[in-house]
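Following: one structure in structure tokens, then a few remarks.
Quick note on labels: first sequence line is chain A, next is B, and so on, each numbered from 1.
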Amino acid sequence: MSTEKGPNFLAEIIAEDVKNGKHGGRVLTRFPPEPNGYLHIGHSKSICLNFGIAQQFGGKTNLRFDDTNPEKEETEYVESIKADIKWLGFEWANEFYASDYFSKLYAFAVRLIEKNLAYVDDSSAEEIANMKGTPTTPGMESPYRLRTTEENLDLFARMRKGEFKDGEKVLRARIDMTSPNMHFRDPILYRIKHTDHHRTGSEWCIYPMYDFAHGQSDAIEEITHSICTLEFEVHRPLYEWFISKLELFPSHQYEFARLNLNYTVMSKRKLLQLVNDKHVSGWDDPRMPTISALRRRGYTPESIRNFAERVGVARRENIIDVGLLEFCVREDLNKKATRVMAVLDPLKMIIENYPEGKSEMLTTDNNTEDEKAGTREIPFSRELFIEADDFMETPEKKFFRLAPGKMVRLKSAFIVECTDFEKYENGKVSLIRARYVPESKSGQDTSGLQVKGVIHWVSAQHAVPAEIRLYERLFNVEDPSSEEGDFKEYINPDSLHILKNAMLEPSLKESKPGMLYQFMRKGYFTPDKDSSAEKLVFNRTVTLKDSFVKETTK
RNA sequence: UGACCGAUGGUGUAACUGGCAACACGUCUGAUUUUGAUUCAGAAGAGUCCAGGUUCGAGCCCUGGUCGGUCAACCA
């Protein structure tokens, strides 16, 4: 939250409410995930908004799991959601579950029946759908709509006791089948599901629908500002109808536009498909837009919070350029990441005038952006690895790296000149021969030589091998969901590149997941959860900004 | 041929509630640089969906359009 931005429209509303002493100036929000999948970057916007705005006004935020559909919800998801929110840096005031309120919600339903505002309907799902009408044509009333209160009370009690099979009966509100708002056409309140619930087990066989659970849960917790996404806007009149008829705490719902990112999908349903169909290795596959994937990939909580701040909050549809997310993580990592040398595609270089068998330690900065980060020692010797694409047999204009007869600075070491090179049968360069300038040592250079290029390197005999995973966008099109056909047709087949022969400086032997590195000139990297001392595995979080590639592709 | 919501540079968000459009990302120059990174300096790019109206004055208000989104799950 480093960037100052004016208050969004929700902050303005809340500021006004606080000023007017509404709810005694109290602010209580809630973040209400359904535990049916992992949280994604879109949720992080909602999390930052709900927790952030409450914090801003001295209020608190509840975490409430909206677990009213036992068929889709699992404890694994509950745990991942809690871990993600904590990792983002937020603390909830209370951990609640809609299922905590099943008894209260049942009593609310009974109260509605008693007020003649709800009835048990024996119609099938299909019949109910048919009687519902369409947005442009009114619905029709169910033949069961006029049952007596006594009969409804009895039937509902028997639904709860398990006397009926799934789908045999539902409880519906009695409102208005001709309402232009589809949600007022006698919405279903309770359905029968003989399914065990992740928390209540087999205690219930009837479960409330979202509309009959969410607003009442807000009211029970005395949520002052219930913030959700735009698609729930048409539910608001119903939200208010239940609160009013049941005479509950007047929580109020406010909507904002959800976050969309280009080159990815942002619905739990679609993400679940990617996981189930094995297009990715799991919910935390680093190519996924989930919070757990971003964490695994090396994103920091600060960068995501800053991103959430920068995208703003409004009521219009938007698709954020993933470049902004990348900017935010680079900005944060630039301050934090330890600079190290790692050769992703090694090419052997022999320095012919450097004594065989000799090696020396050279000093280098851990982070030029951070004085306090200090320095460390790295070994230098006669045989090195350099990056294969830092050498060109016939250099193009403006290529100021290595080429036959050309000089380049080895970062934190010496200036070298390429004297010769060798090739494999296939024409690929196999070896560079060079000579170094002994008096050009970094920090004590008396050679007087000026070279434009600086390249990274590792000492061959000291280097540690590693696997490096490079990621690109998961989809080839900006908005896979809006394209023709199935969104999976637009998956980028080259979104993962695995480099198996990378060579790292020896200090990286000590690396562990969670540690942040910049592989100099190559990008930001972090050890994957698969990484171990025996086999190092790194994820590329994001590349460095690179004006040279653009130059060459012009 | 319904109801509700929205429309500001390429993207996203502002505009002190009516006073001739700002910030960020991106793009493009140039400087610095032992990371073609960072940093620094600068530039281009919208006249606010359209048409009327109110007003001395409209991105903000009114009217009518246009375009986009949402709503017809016993999902949330």
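- Under 4.0 angstrom from either OP1 or OP2 of B/U13 there lies at least one side-chain N or O belonging to A/Arg316.
- A syn orientation is assigned to B/G47, its glycosidic angle lying within 90° of 0.
- A/Arg185 meets the salt bridge (charged side-chain N to carboxylate O under 4.0 Å, His left out) test with no other residue; sequence neighbours excluded.
- Of all the residues in residues 257-270 of chain A, not one reaches under 4.0 Å from RNA chain B with any non-hydrogen atom.
- A distance cut-off of 5.5 Å between ring centres, combined with a plane angle under 30°, leaves A/Tyr210 outside any stacking arrangement with the base of B/A76.
- A salt bridge between A/Arg339 and A/Asp365 is absent, with no side-chain N of the basic residue lying under 4.0 Å from a carboxylate O of the acidic one.
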**OP:** Kindly indicate, with the supporting measurements, whether the criterion side-chain contact (heavy atoms from CB on, under 4.5 Å) is fulfilled by A/Tyr524 and A/Leu544.
**Re:** CA-CA 7 Å; A/Tyr524 293 98; A/Leu544 253 28; 3.5 Å; yes
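- A/Ala308 meets the side chain to side chain contact (heavy atoms under 4.5 Å, CB included) test with A/Cys48; sequence neighbours excluded.
- Using a 4.0 Å heavy-atom distance criterion, A/Arg339 is classed as a base contact.
- Looking at the side chain of A/Glu73, the nearest of the listed nucleotides B/A76, B/U17, B/G2 is B/A76.
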Subject >> Under the 3.5 Å Watson-Crick or G-U criterion, the dot-bracket string of RNA chain B, with | for inter-strand pairs >> reply: .((((((..((((.....[..)))).(((((.......))))).....(((((..]....))))))))))).....
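- For B/A41 and B/A46, the C1' atoms lie 25 Å apart once the distance is rounded to whole Å.
- Phosphate proximity of B/G12 to A/Arg310: absent, as no side-chain N or O sits under 4.0 Å from OP1 or OP2.
- The side chain of A/Thr368 places no N or O atom within less than 4.0 Å of a non-bridging phosphate oxygen (OP1 or OP2) of B/U34.
- Under the ring-ring contact (aromatic ring centres under 6.0 Å, His included) criterion, A/Tyr38 pairs with A/Tyr77, A/Trp283, not counting sequence neighbours.
- For A/Ala314, whose side chain is taken as the heavy atoms from C-beta onward, the closest listed nucleotide among B/A14, B/U17, B/C75 is B/A14.
- Applying the ring-ring contact (aromatic ring centres under 6.0 Å, His included) rule to A/Phe391 yields the partners A/Phe421; only residues at least two apart in sequence or on another chain are considered.
- No contact: A/Glu387 has no heavy atom under 4.0 Å from any strand.
- Partners of A/Arg147 by salt bridge (charged side-chain N to carboxylate O under 4.0 Å, His left out), not counting sequence neighbours, listed by chain and number: A/Asp122, A/Glu151.
- Nucleotides B/U33 and B/C40, compared at atom C1', are 11 Å apart to the nearest Å.
- Listed by residue number, the members of residues 120-135 of chain A with any heavy atom below 4.0 angstrom from RNA chain B are A/Ser123, A/Ser124, A/Ala125, A/Gly133, A/Thr134, A/Pro135.
- Looking at heavy-atom distances under 4.0 Å, A/Gln518 makes contact with a base.
- The residue A/Gly443 sits close to a base: some heavy atom pair falls under 4.0 Å.
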Listing time: all N or O pairs from protein to nucleotides 66-70 of chain B that are below 3.5 Å?
unit_1: B/G69; atom_1: O2'; unit_2: A/Glu317; atom_2: OE2; d: 3.3

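- Applying the salt bridge (charged side-chain N to carboxylate O under 4.0 Å, His left out) criterion to A/Lys411, with sequence neighbours excluded, gives no partner residue.
- Not one side-chain nitrogen or oxygen of A/Arg236 sits closer than 4.0 Å to the OP1 or OP2 atom of B/C71.
- Checked by atom type, the side-chain pair A/Glu34/A/Asn36 shows a donor-acceptor distance below 3.5 Å.
- Taking 4.0 Å as the cut-off between side-chain N and carboxylate O, A/Lys193 and A/Asp166 do not count as a salt-bridged pair.
- Listed candidates were B/A76, B/U1, B/U27. Nearest to the side chain of A/Asn69 is B/A76.
- Using a cutoff of 4.0 Å between basic side-chain nitrogens and carboxylate oxygens, A/Asp445 and A/Arg409 are scored as salt-bridged.
- With a glycosidic angle no more than 90° from 0, B/U17 adopts the syn conformation.
- Across B/U63 and B/U70, the matching P atoms stand 26 Å from one another, rounded to whole Å.
- Residues A/Arg269 and A/Gln273 meet the side-chain proximity criterion, which asks for heavy atoms closer than 4.5 Å.
- Contacts of A/Phe399 classified as ring-ring contact (aromatic ring centres under 6.0 Å, His included), with partners at least two apart in sequence or in another chain: none.
- Taking 4.5 Å as the limit, some side-chain heavy atom of A/Tyr263 sits within range of a side-chain heavy atom of A/Glu478.
- Nucleic acid contact for A/His235: base, since at least one base atom lies under 4.0 Å from a heavy atom of the residue.
- Within the structure, a side-chain polar atom (N or O) of A/Lys193 is placed less than 4.0 Å from OP1 or OP2 of B/C75.
- Atom C1' of B/C61 sits at a distance of 46 Å from the matching atom of B/C74, rounded to the whole Å.
- Residues passing the salt bridge (charged side-chain N to carboxylate O under 4.0 Å, His left out) test with A/Lys72, sequence neighbours excluded: none.
- Residue-level contact check: A/Asp66 touches the backbone only, with heavy atoms under 4.0 Å from sugar-phosphate atoms and none from bases.
- For A/Arg521, the side-chain atoms get nearest to B/G36 when compared with the rest of B/C71, B/G26, B/G36.
- A salt bridge links A/Arg521 to A/Asp390: at least one charged side-chain nitrogen sits closer than 4.0 Å to a carboxylate oxygen.
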